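Beneath this line is the structure, given in structure tokens, with notes to follow.
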Amino acid sequence: MTFVFILIVIATTFLLASPFYMKQTKDTLIEQTSHPVIELTSQKENLLQSIRELDFDYQTGKVSAADYKSLRASIEHKTVEVMKKLEQANANWKEMEDSL
Amino acid sequence: MEILANYLLHFCLPLGVYAFFASIQAGRTREVTWFRSTLYAQTAFIIFVFSCSALLVGCLLVGKFYMAYVYQYTNSTMPTFYKIAALWGGQNGSLLWWLTILCGYMAVLIWQNRHDRSTLFPYVLTTLSAIQIFFVVLLLFAANPFDTIPYAQLGGFEDGRGLNPLLQNYYMIIHPPSLYLGYVGMSIPFAFGMAALISGKLDNEWVVKIRKWTLTAWFFLSIGNLLGASWAYEVLGWGGYWAWDPVENAAFMPWLTASAFLHSVIIQEKRNMLKVWNMILVLLSFILTLTGTFLTRSGIVSSVHSFAQSDIGTYFLTFLILTIVVSVGFLIYRLEKLESKNTLDSMFSRESAFLLNNLVLVGAAVAVLWGTIFPVISEAVRGVKISIGPPYFNKVMVPIGLILLLLTGIGPMIAWRKTSIEQLKKTFYWPVLTAIAVCVLTTVFYTRHIAVVTSFTFCGFVLATIFLEYKKGIQIRMHALKEGFSQALIRLVRKNERRYGGYIVHFGIVLLFIGFSGAAFKVEKEFQLRAGQAEKLGKYTFRFDEINVDKTPHKEVFTSKFSIWKNDTPFSYAYPAKILYQSQIPGEPPQPGTEVFIKRSMIEDLYFALLSFDETQQTIFVKVVVNPLVQYIWIGGLFLILGTMIVMWPKPKSRKEVTA
């Protein structure tokens with residue numbers, strides 16, 4: 001039993017060390033949401049979702065016509081702002097890629 | 001096999017420590033090599049823990065009675081499935097079982113995130129490694145299930161003591177695993193929360209990733225709690241399903257905070273608000289699972305359910321304090337980054353209703369915690385252990401529960417962001433009218449018990465809101481998309497499982513409250529009867545006819561027979577039994593067990609529990625209980641499970657449509 005265990009320990013140690021001596025890749029872990037394009041895309045999706053939900057709340061009679069109008073206008077305004085920023089960020093990103 | 005298992009368990013300690021530091025290194029340096037090495041270490045750890053559990057099950061099945069755990073919890077006459085269930089029947093095995101489930105969850109987590117290269121994930125593994133290390137330390141130094149009995153080779157250990165008879169029940173096979181799946185499941189959201197705090201990646205990525213994990217843990221906690229209630233009702237023989245016992249409270253507290261999180265996380269996803277609050281709820285849910293385990297396993301609070309206590313309290317307390325200090329420390333450190341830029345648009349919005357629901361749920365958890373630890377505090381401060389028991393909990397939790405029930409109906413009817421008073425009046429017209437009708441009908445035809453009338457009124461209110469929500473959704477689909485009724489209903493639910501599955505959960509909650517309300521009219525009495533003697537309880541008359549004794553080498557079963565009349569009309573027979581399980585150890589007294597008899601109906605249950613049989617006097621002691629509306633609890637539980645399954649149903653990635 002001890003022999004089997006020693007074999008397991010040796011095999012596990014080799015397994016843990018394998019990424020270091022194999023060095024197949026020099027990849028690094030990445031900050032997925034650090035880029036403004038990702039952040040703004042997520043914001044845009046959230047706002048579009050808010051519009052859909054507001055529409056549904058209006059259809060089911062939970063929001064008055066006046067509130068619906070003003071809330072929709074406010075979310076639409078924010079969405080347009082975010083989309084403009086997103087467009088700018090995309091352009092900057094493309095410019096950077098081209099220069100590289 | 002126990003020698004190999006012991007070796008593997010020991011090896012898990014350095015392996016866990018390595019995984020802990022390697023994952024920190026991976027997070028710090030962002031080198032994939034460290035990350036891969038962490039994953040390999042974790043994979044090996046998981047395999048070894050699974051092997052340990054499998055080997056322990058092997059020992060239980062083979063009957064290695066020189067091992068203390070096998071001797072204590074099995075014997076040669078136990079059926080195979082109880083021998084397997086003995087894995088979680090005792091302290092040491094249940095801790096290994098805990099670690100095994102954690103490893104099972106981690107195997108799924110690692111598989112799901114095998115291509116994840118974000119800087120968040122290494123710290124998730126760091127946190128989970130820390131939990132693994134704690135459990136391995138506990139198993140190695142305080143509760144090793146592979147320990148052998150000293151001098152066992154000298155003889156006297158040819159058979160074991162066997163599992164507690166109260167645990168020799170089919171609930172034993174499903175209740176503890178589901179409860180543990182719930183408890184341990186809270187580790188994954190906690191790990192993601194801690195990872196977000198450590199790495200500083202406090203956007204919504206971690207929140208999105210843990211939603212399903214939290215729901216899974218909540219789902220199993222719900223099943224575990226319901227099965228526990230059912231077990232108590234059918235096996236323990238005291239006539240009830242919930243006694244506010246510390247073990248029950250331990251499972252209930254994280255359920256409450258997780259319920260709060262499942263609601264408030266929607267606000268973070270939609271409005272990018274309540275980031276601090278959600279983080280607190282995630283940390284709190286895990287801390288409460290540890291607190292509950294510490295309270296019940298350390299022996300500092302007594303519980304009728306504590307089948308597994310030992311001296312592991314110090315370890316748990318140390319880990320608990322460490323967890324609180326580290327998590328609160330990181331929370332304070334990252335507080336500025338967690339601040340939300342958005343604010344509530346109006347007090348009359350769904351966000352506000354959810355916030356209120358959260359405060360009440362957390363308030364309920366605090367009230368349960370206080371009631372659970374009060375005996376400990378009173379003993380520490382005044383030197384007297386005061387048990388406050390069900391009267392305190394009923395007094396505090398009934399109003400809290402009713403407020404929650406009301407909010408269950410209010411929340412979904414209010415729009416996101418803003419609703420005007422005029423609109424509220426229109427929205428709530430039918431639900432309020434239904435509630436008034438139910439209130440009047442209950443008062444006139446059923447009872448004037450204030451809590452029950454309020455409960456039924458609120459139940460009527462919530463049912464009306466659920467009905468209206470479905471009705472409006474279906475109508476919109478039928479009108480806009482020209483769908484038939486059934487097609488519109490199915491598609492409505494499929495297009496928004498979270499919302500409409502949630503309403504089914506709410507429907508289950510309503511049924512649960514109807515069932516709980518019945519407790520107000522519970523009638524119970526103990527009787528001493530001779531054969532042929534009759535007694536009366538409420539509208540039931542019952543006569544003790546006879547008792548049969550069935551003796552086998554392993555147990556003695558005393559089965560009584562009762563004839564029952566309802567309103568003086570022959571109604572049914574009852575056969576409650578008392579079982580004496582003979583110990584396989586010579587000289588040890590037999591262990592008693594109860595087989596209750598329940599005549600179930602949607603109106604009320606008639607419950608018989610044979611408490612004892614005096615052979616010399618030829619008399620029996622029997623407990624008879626009339627339990628109104630209990631069946632609604634189990635049916636409500638089924639709806640709760642069904643609704644949660646709908647919410648958890650995988651969603652195609654491409655789907656963007658949110659509403660009906």
Side-chain angles (χ1 to χ4, degrees), chain A residues 1-35 38-39 42-43 45-72 74-75 78, chain B residues 1 3-4 7-8 11 15 18-19 22 26-27 29-41 43-44 48 116-122 199 201 203-205 269-272 345 350 413-420 422-423 426-427 468-469 472-473 475-476 480 656-660:
Chain A
M1 209 58 87
T2 311
F3 178 70
V4 174
F5 177 66
I6 290 168
L7 278 181
I8 291 171
V9 172
I10 292 168
T12 311
T13 312
F14 269 105
L15 181 72
L16 302 195
S18 64
F20 298 100
Y21 60 76
M22 285 170 84
K23 281 262 177 193
Q24 289 170 333
T25 174
K26 289 190 175 175
D27 284 354
T28 55
L29 303 175
I30 47 163
E31 293 273 2
Q32 281 184 329
T33 55
S34 57
H35 200 278
I38 298 167
E39 189 78 24
S42 158
Q43 276 184 34
E45 277 171 11
N46 270 343
L47 286 163
L48 291 174
Q49 194 169 310
S50 296
I51 291 175
R52 282 193 290 266
E53 264 162 7
L54 182 66
D55 287 348
F56 187 62
D57 281 345
Y58 177 62
Q59 284 172 309
T60 52
K62 288 177 193 162
V63 192
S64 67
D67 282 343
Y68 172 69
K69 251 186 172 176
S70 70
L71 282 171
R72 204 177 202 283
S74 153
I75 304 171
K78 277 183 197 163
Chain B
M1 39 192 167
I3 298 169
L4 179 63
Y7 280 154
L8 290 176
F11 187 42
L15 208 53
Y18 175 78
T29 61
R30 298 183 186 180
E31 283 181 25
V32 170
T33 42
W34 278 107
F35 182 61
R36 279 200 182 137
S37 188
T38 308
L39 290 183
Y40 293 159
T43 308
F48 295 159
D116 190 334
R117 291 290 175 266
S118 80
T119 48
L120 187 75
F121 199 54
S199 65
K201 277 172 59 62
D203 51 35
N204 283 354
E205 183 196 350
E269 284 176 30
K270 289 186 190 300
R271 302 293 316 277
N272 211 18
D345 289 313
R350 194 176 294 183
M413 295 300 280
I414 307 179
W416 288 106
R417 292 171 184 267
K418 195 178 174 186
T419 307
S420 64
E422 279 308 307
Q423 210 59 33
K426 277 186 201 167
T427 313
L468 281 177
E469 279 294 281
K472 284 176 184 171
Q475 274 178 344
I476 289 169
K656 294 278 183 214
E657 194 175 347
V658 178
T659 59

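Worth saying up front: this structure is predicted, and the values here are computed from it rather than measured.
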Q. Are any of the side-chain heavy atoms of B/W416 and A/L71 separated by less than 4.5 Å?
A. no
Q. With only heavy atoms counted, which part of A/I75 is less than 4.5 Å from chain B, the side chain, the backbone, both or neither?
A. side chain
Q) Less than 4.5 Å apart, any side-chain heavy atom of A/T12 and any of B/F48? A) yes
Q: For residues B/Y18 and B/A41, report the shortest heavy-atom separation together with the two atoms involved.
A: CD2-CB, 3.7 Å
Q.
As an exercise: rank B/K472, B/Q475, B/Q423 by heavy-atom pairs under 4.5 Å with chain A and give me the winner.
A. B/Q423
Q) Non-hydrogen atoms of chain A under 4.5 Å away: do they reach the side chain of B/R350, the backbone, both or neither? A) side chain
**Q.** Pairs of heavy atoms under 4.5 Å with chain A: top-ranked of B/A480, B/A22, B/S37, B/S420
**A.** B/S37
Q: Mind checking the OG1-CZ spacing from B/T38 to B/F121? Nearest 0.5 Å is all I need.
A: 10.0 Å
(Q) Checking the side chain of A/S74 only, and the main-chain atoms of A/S70 only, is there a donor and an acceptor separated by less than 3.5 Å? (A) no
Q. For the candidates B/E269, B/K418, B/E422, which exhibits the highest count of non-hydrogen atom pairs separated by less than 4.5 Å from chain A?
A. B/K418
Q | B/A44 versus chain A, the contacting section by heavy-atom distance below 4.5 Å | A | side chain
Q. Among B/L8, B/I3, B/I414, which has the most heavy-atom pairs under 4.5 Å with chain A?
A. B/L8
Q) Looking at A/N46, A/L15, A/L47, which has the largest count of heavy-atom pairs under 4.5 Å with chain B? A) A/L15
Q.
For a quick test of reading the model, state the closest non-hydrogen atom pair linking B/T419 to A/K62 and the distance between them.
A. CG2-O, 3.4 Å
Q) Which atoms of A/T60 come close to chain B, meaning under 4.5 Å heavy atom to heavy atom: side chain ones, backbone ones, both, or neither? A) both
Q. Rounded to the nearest 0.5 Å, how far apart are CZ of A/R72 and CG of A/D67?
A. 14.5 Å
